[in-house]
Amino acid sequence: MKIALLGYGKMGKVIENIALQRGHEIVLRKKSNDSFEGLEDADVAIDFSIPDAAIGNISACLNSNVPVISGTTGWLEHYHNMAQLCEEKKGAFIYGSNFSLGVNIFFELNTYLAKMMANLKQYKVSMEEVHHTQKLDAPSGTAITLAKDIINNSDYAGWAIGNPKEGDIFIDAKRVEGVPGTHTVTYNSEVDAIEIKHTAHNREGFALGAVIAAEWIIGKQGVYSMKDVLGL
Ligand SMILES: NC(=O)C1=CN([C@@H]2O[C@H](COP(=O)(O)OP(=O)(O)OC[C@H]3O[C@@H](n4cnc5c(N)ncnc54)[C@H](OP(=O)(O)O)[C@@H]3O)[C@@H](O)[C@H]2O)C=CC1
Ligand SMILES: O=C(O)C1=N[C@H](C(=O)O)C[C@H](O)C1
């Protein structure tokens, strides 16, 4: 299939390699100052850009009838507008805070654990995410998904990266050179702690998941998630 890459940085380049290995063709490699020329030739677009560019990129795809996969994080307050545009245009759209198979299994584990811990008030949950120093957003999109899944299955009301209020999940967002992405969820009590952790060793898992999502969405209409793609 013909793929438009919207964002051609660390992720865009790994996605390109995996897409080429799987027999696909890249028809557009868009960076910050490039136009959308070539988008009309694409069967699907994959957006891994920056928070401020995601909405423009996704809208351009939906307005051009090109199915779009977005892995860009840090723009989620506008998610419903993009989902609505997708419905209006009868397009196809997937946003995923994390496209790796491992993290999507970790999401399921986190939800299962949240349900088990919901009534055990002696445990307090917190989270840590560690990423490379070039990351523009904090907390990570993955940490926000993990927090929302706990909130939806417990009495926790929200999340915070600094000064959490009573009832908030504290997320410690750390930036360390070279780290692709590590997420830990900890339930701590006075007598013990339970931890689940996902460590990405490199960016290949994120990129492979995005290409698999792009292959999956061809011929579909609607707003989907990685859970749909993986059948979880
Ligand atoms: N969902 C997931 O599984 C994952 C998500 N991510 C997310 O993906 C995004 C990209 O990450 P990463 O590749 O590491 O970041 P990089 O900073 O390495 O790359 C960002 C790219 O976006 C480009 N860009 C900037 N503005 C635009 C625009 N208007 N249109 C198109 N491209 C633009 C930049 O171009 P230029 O160089 O010209 O500025 C650059 O090529 C981040 O939001 C990150 O959080 C990352 C990994 C996994
Ligand atoms: O910016 C990154 O690198 C990553 N971003 C995503 C996020 O914000 O969760 C996914 C992954 O952890 C890498």
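Order of appearance sets the numbers: ligands from 1, and atoms from 1 within every ligand.
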Inset, instruction - Check each of Gly71, Ser97, Ala138, Gly181 against atom 6 (C) of ligand 2 and report the one with the nearest heavy atom. - result: Ser97

Legend entry - Per-atom contacts, ligand 2 versus Ser140 - under 4.0 Å to a heavy atom: 7 (C), 8 (O), 9 (O)

Legend entry - Stepwise salt bridge (charged side-chain N to carboxylate O under 4.0 Å, His left out) check, Lys30 with Glu37: CA-CA 9 Å; Lys30 182 179 172 354; Glu37 199 183 325; over 6 Å; no

Inset, instruction - Pick whichever of Gly56, Ser32, Ala200 has a heavy atom sitting closest to atom 39 (O) of ligand 1. - result: Ser32

Legend entry - ligand 1 to Lys135 polar contact by distance, N or O atoms, under 3.5 Å: yes

Legend entry - Within reach of ligand 1, part of Gln134 (heavy-atom separation under 4.0 Å): neither

Inset, instruction - With salt bridge (charged side-chain N to carboxylate O under 4.0 Å, His left out) as the test, would you mind laying out the steps for Glu128 and Lys174 before giving the verdict? - result: CA-CA 7 Å; Glu128 183 189 82; Lys174 293 185 171 156; 2.7 Å; yes

Legend entry - Parallel, tilted or perpendicular: ring planes of Phe99 versus Phe48, cut at 30 and 60 degrees: tilted

Inset, instruction - Please work out whether any backbone atom (N, CA, C, O) or any side-chain heavy atom from C-beta onward of Ala210 is under 4.0 Å from ligand 1, and answer side chain, backbone, both or neither. - result: neither

Inset, instruction - Within a distance under 4.0 Å of any heavy atom of Gly71, pick out the atoms of ligand 1 and give their elements. - result: 1 (N), 2 (C), 4 (C), 5 (C), 6 (N), 7 (C), 8 (O)

Legend entry - Ion pair check, Asp34 and Lys31, cut-off under 4.0 Å: no

Inset, instruction - Before signing off on this row, confirm whether Ile50 and ligand 1 have an N or O atom pair separated by under 3.5 Å. - result: no

Inset, instruction - Answer yes or no: does atom NZ of Lys90 have more than 12 heavy-atom neighbours from other residues, nucleotides or ligands under 6.0 Å? - result: no

Inset, instruction - Considering only non-hydrogen protein atoms, determine which one is nearest to atom 5 (N) of ligand 2 and report residue, atom name and distance to 0.1 Å. - result: Lys135 NZ, 3.1 Å

Legend entry - Salt-bridge contact Glu129-Lys135 (side-chain N to carboxylate O under 4.0 Å): no

Legend entry - Sub-3.5 Å N/O-N/O distance, Ser100 and ligand 1: no

Inset, instruction - Measure the distance from atom 3 (O) of ligand 2 to every protein heavy atom, then report the residue, atom name and distance (to 0.1 Å) of the closest one. - result: His132 NE2, 2.8 Å

Inset, instruction - Taking atom CG of Asn202 as the centre, report whether more than 12 heavy atoms of other residues, nucleotides or ligands fall under 6.0 Å from it. - result: yes

Legend entry - Option set Met11, His198, Lys10, His131, criterion heavy-atom distance to atom 4 (C) of ligand 2, minimum: His131

Inset, instruction - Starting from the C-alpha separation in whole Å, work towards a yes-or-no answer on ring-ring contact (aromatic ring centres under 6.0 Å, His included) for Trp216 and Tyr224. - result: CA-CA 10 Å; Trp216 182 90; Tyr224 297 97; 5.0 Å; yes

Legend entry - Nitrogen or oxygen of Lys30 less than 3.5 angstrom from that of ligand 1: yes

Inset, instruction - Do me a favour and list the nearest non-hydrogen protein atom to atom 45 (O) of ligand 1 with residue, atom name and distance? - result: Thr73 OG1, 2.6 Å

Legend entry - Residues, nucleotides or ligands: over 12 heavy atoms within 6.0 Å of Lys197 NZ: no

Inset, instruction - Determine, for Phe107 and Lys227, whether the Lys NZ or Arg CZ falls below 6.0 Å from the six-membered ring centre while staying within 45 degrees of the axis. - result: no

Legend entry - Distance-only N or O hit between ligand 1 and Tyr8, under 3.5 Å: yes

Legend entry - Thr142 N/O to ligand 2 N/O under 3.5 Å: yes

Inset, instruction - Give the numbers and elements of all ligand 1 atoms closer than 4.0 Å to a heavy atom of Asn57. - result: 30 (N), 31 (C)

Inset, instruction - Could you list which atoms of ligand 2 come closer than 4.0 Å to a heavy atom of Pro180? - result: 3 (O), 13 (C)

Inset, instruction - Specify the protein heavy atom at minimum distance from atom 7 (C) of ligand 2: its residue, its atom name, and the distance to 0.1 Å. - result: Gly141 N, 3.4 Å

Legend entry - Contact atoms of ligand 1, heavy-atom distance to Ala53 under 4.0 Å: 26 (N), 27 (C), 28 (C), 29 (N)

Inset, instruction - Please work out which of Phe36, Phe48, Phe99 has its closest non-hydrogen atom nearest to atom 4 (C) of ligand 1. - result: Phe48

Inset, instruction - Keeping the roles fixed (side chain from Asn110, backbone from Phe106), state whether a donor-acceptor pair exists under 3.5 Å. - result: no

Inset, instruction - Measure up the His131 and His183 rings against each other and bin them: parallel (under 30°), tilted (30 to 60°), perpendicular (over 60°). - result: perpendicular

Legend entry - Option nearest atom 11 (O) of ligand 1 (shortest heavy-atom distance, choices His131, Lys10, Met11): Met11

Legend entry - Transitive ILVMFWY side-chain link Tyr187 to Met116, under 4.5 Å: no

Inset, instruction - Give yes or no for whether the N/O distance cutoff of 3.5 Å, strictly under, is met between His183 and ligand 2. - result: no

Inset, instruction - Take atom CG of Asn119 as the centre, draw a 6.0 Å sphere, and report whether it contains more than 12 heavy atoms from other residues, nucleotides or ligands. - result: no

Legend entry - NZ (Lys148) with more than 12 external heavy atoms under 6.0 Å: no

Inset, instruction - Specify side chain, backbone, both or neither for Asn33, according to which of its non-hydrogen atoms lie closer than 4.0 Å to ligand 1. - result: neither

Legend entry - Ser49, Ser35, Gly96, Gly7: member with heavy atom nearest to atom 20 (C) of ligand 1: Ser49

Inset, instruction - Could you tell me whether Asp52 atom CG has more than 12 heavy atoms of other residues or ligands within 6.0 Å of it? - result: no

Inset, instruction - State if Lys13 counts as touching ligand 1 under the rule of any non-hydrogen atom under 4.0 Å. - result: no

Inset, instruction - Could you list which atoms of ligand 2 come closer than 4.0 Å to a heavy atom of Asn98? - result: 10 (C), 11 (C), 12 (O)

